[in-house]
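Step one of this worksheet: look at the structure below.
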2 protein chains.
Amino acid sequence: MQPILPKESLTDQVTTKIRAAIVSGEMTPGNHYSAIAISEKLGVSRTPVREALQLLEKEGIVTVAKNRGVRVNQISLDDIVEVFQLRLVVEPPAAARAVLNASEADLEILRELHHEMILVGQTGDGRATLEADKKFHLYLLGLARNAKLDGIVGELRNLVLAHGQVTIPQARTSQDLAGDRDELMNAILKRDPSGAQIAMQNHVLRTAQMLVRAVCARTPGLNDEQYLSRLEELIF
Amino acid sequence: MQPILPKESLTDQVTTKIRAAIVSGEMTPGNHYSAIAISEKLGVSRTPVREALQLLEKEGIVTVAKNRGVRVNQISLDDIVEVFQLRLVVEPPAAARAVLNASEADLEILRELHHEMILVGQTGDGRATLEADKKFHLYLLGLARNAKLDGIVGELRNLVLAHGQVTIPQARTSQDLAGDRDELMNAILKRDPSGAQIAMQNHVLRTAQMLVRAVCARTPGLNDEQYLSRLEELIF
DNA sequence: CCAGTATGAGTAGCATGCAACCGATTTTGC
DNA sequence: GCAAAATCGGTTGCATGCTACTCATACTGG
């Protein structure tokens with residue numbers, strides 16, 4: 001049986017709508033938007049929109065200025081660096097623990113997700129690739145049995161996604177990432193916790209480096225070195 | 001000059017009020033409360049109360065049930081274990097980085113905060129001790145220059161505080177904790193990053209063990225061993 | 001021509017009205 | 001006497017009205 005959807009509240013629906021609009025680039029950083037306009041466009045009243053904006057503000061995705069509308073935050077490279085510093089600390093040990101906790105059925109599912117990701121990756125569809133990547137990672141992290149960790153990592157990912165279309169992977173780098181992931185997958189299947197830990201660290205680190213380089217490349221006068229070096233500040 | 005307070009919004013004021021009421025034990029887990037009652041007690045309308053409750057729900061502190069009022073969540077031992085698993089992963093490296101980043105002035109401030117904490121600790125005032133502890137930790141973490149990390153750890157701490165009056169330290173254990181902290185402080189003053197990292201890990205771990213034991217001791221039929229062993233699941 | 005003021009358009013913050021909904025109790029029908 | 005249905009008190013979810021505020025522009029006085 002399906003777990004019956006208890007009619008998600010309007011506030012929540014609006015939250016996901018707005019988040020999607022930001023990720024898709026429909027709402028862009030820097031611009032101002034009014035809660036009134038959004039509510040009219042969505043056909044709801046101002047209240048749920050206002051509440052949704054407050055929740056998104058808590059996530060750091062938007063800023064609401066008193067009587068001046070809402071602004072989509074320009075996620076800075078510094079923010080991205082912070083996010084990945086944290087992910088680098090949190091995800092590798094979680095991966096190791098996940099390997100220890102995984103059942104055979106879990107391994108099977110992971111294998112499927114991994115396979116799916118490869119297929120999607122070959123199509124070159126950036127958005128779908130990210131989606132598949134997210135699914136794989138979150139399932140793996142879920143095995144570590146720490147719900148708060150899942151929530152935190154999910155939010156951190158959202159923050160990066162909100163940066164915009166940053167994340168469309170390049171062909172060559174995406175090749176590298178696939179390699180990392182194979183390594184990770186191998187360690188998992190061999191039930192090798194510390195191998196998984198290391199592989200995960202490499203993978204997240206490379207993802208971060210790719211992102212930083214991509215952003216710097218498109219933003220003139222930005223030097224990637226200082227950012228790249230800061231990525232590893234929290235791992236010793 | 002004082003940075004002028006731009007009139008905190010009612011919603012935010014209510015949020016902190018409710019949070020304080022929970023921490024102080026004025027609002028207890030399990031019981032039901034109505035937004036209407038809260039709004040009347042605080043002399044505001046239902047709207048800011050409702051919005052505050054949504055924010056607190058996102059933090060995991062309360063649950064709002066449709067048409068049935070709001071319930072203060074009973075933070076379980078499992079939750080506490082999760083929180084400390086995360087803190088154990090995140091705070092030690094942050095402490096190490098903090099040592100590397102600290103200026104002489106920072107060290108001076110830390111020394112002061114540390115001293116203050118010892119003084120307050122001797123008075124036996126549990127609440128004040130926690131407050132001083134929080135100040136010290138958050139200042140130290142702030143030196144790692146990762147705002148998101150600060151935010152996350154702050155929220156995790158709040159969650160534990162919301163568990164209730166759990167956290168009134170016992171005389172003997174609080175002695176032990178002071179020892180840990182001295183160790184930590186020494187490593188910081190010697191500008192020894194990995195020493196600080198280890199000391200921080202010991203300190204957080206012992207805090208967690210103390211907490212778990214305290215909760216188990218007062219809850220009949222609860223075995224602390226399984227919880228204690230899970231604390232270290234994420235560190236290898 | 002310009003400094004300083006007045007005006008107006010637009011906004012969010014909050015209060016409040018209303019309907020839908022939930023759970024417990026009472027009433028009804030058999 | 002008992003099961004099922006109607007009722008009722010209490011609650012949230014959402015819509016909407018109003019006020020105070022911000023910013024930009026137009027206006028006024030010199």
Side-chain angles (χ1 to χ4, degrees), chain A residues 2-22 26-74, chain B residues 2-22 26-74:
Chain A
Q2 269 296 352
I4 282 189
L5 66 156
K7 275 186 208 159
E8 206 176 13
S9 79
L10 268 191
T11 299
D12 290 346
Q13 292 182 50
V14 172
T15 306
T16 60
K17 276 269 187 206
I18 296 178
R19 191 185 274 120
I22 293 173
E26 193 179 334
M27 291 174 68
T28 55
N31 287 327
H32 280 264
Y33 302 88
S34 87
I36 298 178
I38 297 175
S39 72
E40 284 172 356
K41 183 157 289 191
L42 295 181
V44 299
S45 95
R46 286 148 27 215
T47 308
V49 173
R50 168 182 160 71
E51 292 171 351
L53 290 175
Q54 286 184 341
L55 292 177
L56 291 173
E57 183 174 39
K58 194 177 173 73
E59 288 184 22
I61 292 180
V62 304
T63 306
V64 286
K66 175 147 181 160
N67 301 323
R68 299 216 306 107
V70 55
R71 188 171 57 83
V72 178
N73 285 341
Q74 176 63 267
Chain B
Q2 270 295 355
I4 284 188
L5 66 154
K7 275 185 208 161
E8 207 176 14
S9 79
L10 268 191
T11 299
D12 290 346
Q13 293 180 49
V14 172
T15 306
T16 60
K17 276 270 189 206
I18 295 179
R19 192 184 273 121
I22 293 173
E26 192 179 335
M27 290 173 69
T28 56
N31 286 327
H32 281 263
Y33 302 88
S34 89
I36 298 178
I38 297 175
S39 71
E40 283 172 356
K41 183 158 289 189
L42 296 180
V44 299
S45 94
R46 285 148 29 215
T47 307
V49 173
R50 170 181 159 72
E51 292 171 350
L53 289 175
Q54 285 185 342
L55 292 177
L56 291 173
E57 184 174 39
K58 195 180 173 68
E59 288 184 23
I61 292 180
V62 304
T63 305
V64 285
K66 175 147 182 160
N67 302 323
R68 302 218 302 110
V70 54
R71 189 171 56 82
V72 178
N73 284 342
Q74 175 64 267

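Keep in mind that this is a model prediction, so the values were computed, not measured. What you see below is based on every heavy atom in this structure, not just the backbone, and it leaves out hydrogens, waters and symmetry mates. Each chain gets a letter, A, B and so on, in the order the sequences are listed, and its residues count up from 1.
Under the rule for a side chain to side chain donor-acceptor pair (under 3.5 Å), B:Thr47 has no partner lying at least two apart in sequence or in another chain. Contacts of B:Leu42 classified as side-chain contact (heavy atoms from CB on, under 4.5 Å), with partners at least two apart in sequence or in another chain: B:Val14, B:Lys17, B:Ile38, B:Val44. Under the side chain to side chain donor-acceptor pair (under 3.5 Å) criterion, B:Thr15 pairs with no residue at all, not counting sequence neighbours. Qualifying side-chain contact (heavy atoms from CB on, under 4.5 Å) partners for A:Asp12, counting only residues two or more places apart in sequence or in other chains: A:Glu8, A:Ser9.
Taking atom NE2 of B:His32 as the reference point, atom P of D:dT12 lies 11 Å away to the nearest angstrom. Computed from coordinates, the B:Arg71 CZ to C:dC22 P distance equals 17 Å when rounded to whole Å. Whole-Å rounding puts the A:Tyr33 OH to C:dA12 C1' distance at 18 Å. Taking atom CD of B:Gln54 as the reference point, atom C1' of D:dC14 lies 11 Å away to the nearest angstrom. At whole-Å resolution of the value, CD1 in A:Ile36 and C1' in D:dG17 are 12 Å apart.
Pairs passing the salt bridge (charged side-chain N to carboxylate O under 4.0 Å, His left out) check and including a residue from residues 54-63 of chain A, sequence neighbours excluded, read A:Arg19-A:Glu59, A:Lys58-B:Glu59, A:Lys58-B:Glu155, A:Glu59-B:Lys58. The list of side chain to side chain donor-acceptor pair (under 3.5 Å) pairs with a residue in residues 29-42 of chain A, not counting sequence neighbours, reads A:Thr28-A:Asn31.
One side chain, A:Gln54 or B:Glu51, offers a donor N or O that lies under 3.5 Å from an acceptor on the other.
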Please tabulate, one pair per line, all N/O donor-acceptor pairs under 3.5 Å involving side-chain atoms of residues 60-67 of chain B, not counting sequence neighbours.
| from | atom 1 | to | atom 2 | distance (Å) |
| --- | --- | --- | --- | --- |
| B:Thr63 | OG1 | B:Asn73 | OD1 | 2.5 |
| B:Thr63 | OG1 | B:Asn73 | ND2 | 3.3 |

In 5'-to-3' order, the base (B), backbone-only (S) or no-contact (-) status of each nucleotide in nucleotides 19-26 of chain D, using a 4.0 angstrom heavy-atom cut-off, is --BSS---

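Listed in residue order, the members of residues 37-48 of chain B having a heavy atom less than 4.0 Å from DNA chain C are B:Val44, B:Ser45, B:Arg46, B:Thr47, B:Pro48.
Within the 4.0 Å cut-off from OP1 or OP2 of C:dG10, not a single side-chain nitrogen or oxygen of A:Ser34 is found.
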